Amino acid sequence: MKTEVLQPTPQALARSAEILSAGGLVAFPTETVYGLGANALNRDAVLSIFAAKGRPADNPLIVHIQDRAQLKDLCEIPELAPDLMAAFWPGPLTILFPKKEIIPSEVTAGLSTVAIRMPSHPLAVAMLRSCGLPIAAPSANRSGRPSPTLAAHVLEDMDGRIPLILDGGPCDVGLESTVLDLCHGQPCILRPGGVTKEMLEAVLGMEVTVAGSVLRPLRPNEKALSPGMRYKHYAPNGSVTLVEGEEADVLSALRRLYQSSASSQERACVLCFSEHMDDLFDCHPHSLGSKSDHAQVAHRLFHILRQLDQEGMERIFSEVLPPEGVGLAVMNRLGRAAGFHTVSAKQVLADHPI
Ligand code: TXA
Ligand code: MG
């Protein structure tokens, strides 16, 4: 199959509507990451998403809508949902709703809830309007790869597997949406994203919990609240080690880890904040963005993870952010990229004396 990459024109939108209505797949930009869309009400179309991504069938999809009126056919509406929709839709918040019959069980992997979001990216909105369908869309990467934040990333993973990519330029947020469960007691963040715990709590006036597996691996026999948490994700080919501690210790520890790796002929690098690029100039530094601008770090992260593979990096040593605000989403993705392998800078300095 030839994969077309089209700039946003009325013709490109008409083509996307034609493909989606016929049960085909279209990759499109959202404000978070690029999605791989199909008609959410067409079982076969939904199955072809799983085939194109190589995605396990038990990992459910998010349904994208552009008009709140679409909800009444798709799901029940929990009591807390309207305030959240008023505050954060359109935007990077996915809410779980009790599903109605019309949603095929393939979309929800057999669960009784369906994840729904209303994206704000103008091209996503235009595409949803022009086809008039609810669109099931996971991130448009091959399963296990970092989510795509550019049309070129989608092409890297999906060339020859899908007919059309709509090119809307770089995604704004750069990390996937916040996934919030309102269906099982206290509101719980299953996946942190651009809409933070603090922002949700301010609107709801109550505490919002965060699923335990957001910042650590699932324990043996622990049930994944969000099936996606079970899978290895976002992992570059090289091994990633996160270094935490006081800033000065972290910088020294990064240098020693880099030097020890480089002296054993491994292709190594450090991921550090832009403020530390000069300090670590001889450690093959890659900038995560400014330590005082967490949104910038979120925006850059997946792009950097893809770049590390292109450069054939084998060992990657990284600084960390405090897990607050958007920092929680960054640390969830970086943590998973590292298999949650974190070391203390003090320990590294003790283990690698000069
Ligand atoms: O920003 C985003 O959310 C992007 C764009 C394209 O909208 N989409 C995205 O989809 O990241 P995906 O499939 O890569 O991630 C969806 C996550 C998975 O972790 C999945 O397990 C979880 O949402 N999920 C979906 N439906 C669920 C449900 N009913 N219950 C629990 N978790 C669910
Ligand atoms: Mg994904």
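First listed ligand is number 1; within each ligand, the first listed atom is number 1. FYI, side chains are in, hydrogens and waters are out, and symmetry mates aren't considered; it's all heavy atoms of this structure. Quick caveat: nothing in here was measured; it's all calculated off a predicted structure.
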**OP:** Please check if Leu71 and Ile135 belong to a single hydrophobic cluster, counting links between Ile, Leu, Val, Met, Phe, Trp and Tyr side chain heavy atoms closer than 4.5 Å.
**Re:** no
Original post:
Just checking, any donor-acceptor pair under 3.5 angstrom between side chains of Arg117 and Thr30?
Top reply: yes
Subject >> Gln296 and Ser290 side chains, donor-acceptor separation under 3.5 Å >> reply: no
Provide the number and element of each atom of ligand 1 under 4.0 Å from a heavy atom of [X].
X	result
Gly35	6 (C)
Asn59	18 (C), 20 (C), 21 (O)
Leu111	28 (C), 29 (N), 30 (N)
His64	5 (C), 6 (C), 7 (O)
Val33	4 (C)
Ser139	8 (N), 9 (C), 10 (O), 12 (P), 14 (O)
Pro60	20 (C), 21 (O), 24 (N), 25 (C), 26 (N), 27 (C), 28 (C), 33 (C)

**OP:** May I ask you to check if ligand 1 and Ser177 share an N or O to N or O distance below 3.5 Å?
**Re:** yes
Subject >> Short N or O distance, Thr94 and ligand 1, threshold 3.5 Å exclusive >> reply: no
**OP:** For ligand 1, note which part of Thr32 has a heavy atom under 4.0 Å away: side chain, backbone, both or neither.
**Re:** side chain
Original post:
Counting heavy atoms only, which of Ile62, Leu180, Asn141, Thr113 comes nearest to atom 16 (C) of ligand 1?
Top reply: Ile62
Original post:
Near the Mg ion (ligand 2), is there an N/O/S atom from Ser139 that is less than 2.8 Å away?
Top reply: yes
Original post:
Contact between Thr108 and ligand 1, counting heavy atoms under 4.0 Å?
Top reply: no
Original post:
Does Arg55 have a heavy atom less than 4.0 Å from any atom of ligand 1?
Top reply: yes
Subject >> Any His303 side-chain heavy atom under 4.5 Å of His153 side chain >> reply: yes
**OP:** Specify whether His276 and Phe273 have parallel, tilted or perpendicular ring planes, treating 30° as the upper limit for parallel and 60° as the lower limit for perpendicular.
**Re:** perpendicular
**OP:** First locate atom NZ of Lys197, then atom SG of Cys188, and finally report the distance between them rounded to the nearest 0.5 Å.
**Re:** 9.5 Å
